[in-house]
Amino acid sequence: MSDSHSLLAEAFDRHQSGGFDDAERLYRRILAGEPAEAEALHRYGLLVAQLGRLEEADGLLARALTLDSRTTEVAVNHAKILRALHRPEDAARRFHHALMLSPALLTALEGLGHAEREAGHTAVAAEAYGRAARLGTGAAVLHRWGIALDSLGRSEAAAEALRRSARLDPTVPSVAVRLAAILERLGCKGEAAGWYRRALVLQPGRDELRRALSDIAKPAVGQPPLA
């Protein structure tokens with residue numbers, strides 16, 4: 001193992017074990033001798049991002065990608081830093097870069113959805129979330145997909161995405177509330193009432209949900225109440 005690789009392994013070990021000062025010293029030592037060591041730039045960028053130095057991390061990861069543009073991990077990590085810097089359109093470009101290299105990479109698809117949502121591009125965000133969902137993503141992305149679809153007026157598709165989210169994680173009240181409101185708009189009052197009840201089990205103190213459930217359960221003249 002070369003000296004730089006040995007130092008990099010030691011720096012990463014210190015980094016992972018919380019020895020940030022020692023890790024930074026080692027990363028700097030490596031880069032002083034080999035300024036174009038892409039992996040050292042990447043790992044050092046992640047370290048300074050952990051320390052809150054996001055602008056510095058941006059520069060380090062940008063340099064790492066210039067040196068090795070075919071590393072998906074660097075592209076995704078740079079995109080995450082750009083999101084943290086409130087630069088969603090730049091982040092989206094980096095996520096696209098990662099997806100060109102690995103089209104089914106879930107972290108990149110999910111990140112692209114978040115970045116496009118933050119940039120105000122709801123339709124593009126919905127497409128990215130949908131691609132992630134079809135590859136088997138988790139409840140949180142299905143939730144975001146449902147919200148995006150609802151914002152686009154695709155209520156039935158939004159309801160199905162939220163049902164799937166609730167099946168994966170039944171403990172999130174905001175999913176139940178959103179789903180209940182969508183179903184109420186679609187005229188599915190019985191199912192909507194069931195989701196309002198589930199939300200109240202999770203958050204019993206929300207009076208506005210009790211009022212919504214009460215309103216939805218009021219029978220029309222001559223009609224029996226909801227079960």
Joint cluster assignment, [X] & [Y], ILVMFWY side-chain distance < 4.5 Å:
X: Y129; Y: L105; value: no
X: M100; Y: V124; value: no
X: V76; Y: L101; value: no
X: V172; Y: L202; value: no
X: V141; Y: V175; value: no

To the nearest 0.5 Å, what is the distance between [atom1] ([X]) and [atom2] ([Y])?
X: R117; Y: L112; atom1: CZ; atom2: CG; answer: 11.5 Å
X: L209; Y: R211; atom1: CG; atom2: CZ; answer: 9.0 Å
X: E208; Y: Y196; atom1: CD; atom2: OH; answer: 9.5 Å
X: L54; Y: K80; atom1: CG; atom2: NZ; answer: 14.0 Å
X: L168; Y: T137; atom1: CG; atom2: OG1; answer: 9.0 Å
X: S165; Y: I147; atom1: OG; atom2: CD1; answer: 9.0 Å

Do any N or O atoms from the side chain of [X] and from the backbone of [Y] form a donor-acceptor pair under 3.5 angstrom?
X: R210; Y: P204; result: yes
X: N77; Y: E73; result: yes
X: S69; Y: L65; result: no
X: H114; Y: A125; result: no
X: W195; Y: L179; result: no
X: T66; Y: A62; result: yes

Shortest non-hydrogen contact from [X] toward [Y]:
X: A115; Y: P88; answer: O-CB, 3.3 Å
X: T107; Y: F95; answer: O-CE2, 4.1 Å
X: L152; Y: A123; answer: CD1-CA, 3.8 Å
X: R94; Y: A75; answer: CB-O, 3.8 Å
X: A193; Y: I216; answer: CB-CG2, 3.9 Å
X: L61; Y: H42; answer: CD1-O, 3.8 Å

One thing to verify: whether [Y] and [X] come together as a salt bridge, which I'm taking to mean a side-chain N less than 4.0 angstrom from a carboxylate O.
X: R178; Y: E184; value: no
X: D21; Y: R14; value: no
X: R163; Y: E160; value: yes
X: D68; Y: R63; value: no
X: R83; Y: E118; value: yes
X: R185; Y: E156; value: no
X: R43; Y: E39; value: yes
X: R53; Y: E24; value: yes

Flag side-chain contact, heavy atom, 4.5 Å: [X] against [Y]:
X: R154; Y: D150; value: no
X: H121; Y: E89; value: yes
X: L162; Y: L142; value: no

Exercise. Could you walk me through whether L8 and Y27 pass side chain to side chain contact (heavy atoms under 4.5 Å, CB included), step by step?
Key: CA-CA 7 Å; L8 185 57; Y27 286 133; 3.8 Å; yes
Quiz prompt | More than 12 heavy atoms from other groups under 6.0 Å of CZ on R70 | solution =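 No, because the 6.0 Å sphere around CZ of R70 holds 12 heavy atoms or fewer from other groups.
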Self-check item: R87 atom CZ, neighbour heavy-atom count above 12 within 6.0 Å
Solution: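 Above 12, so yes.
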Quiz prompt | Y44 ring center within less than 6.0 Å of H15 ring center | solution =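 Distance test on ring centres: not under 6.0 Å, no.
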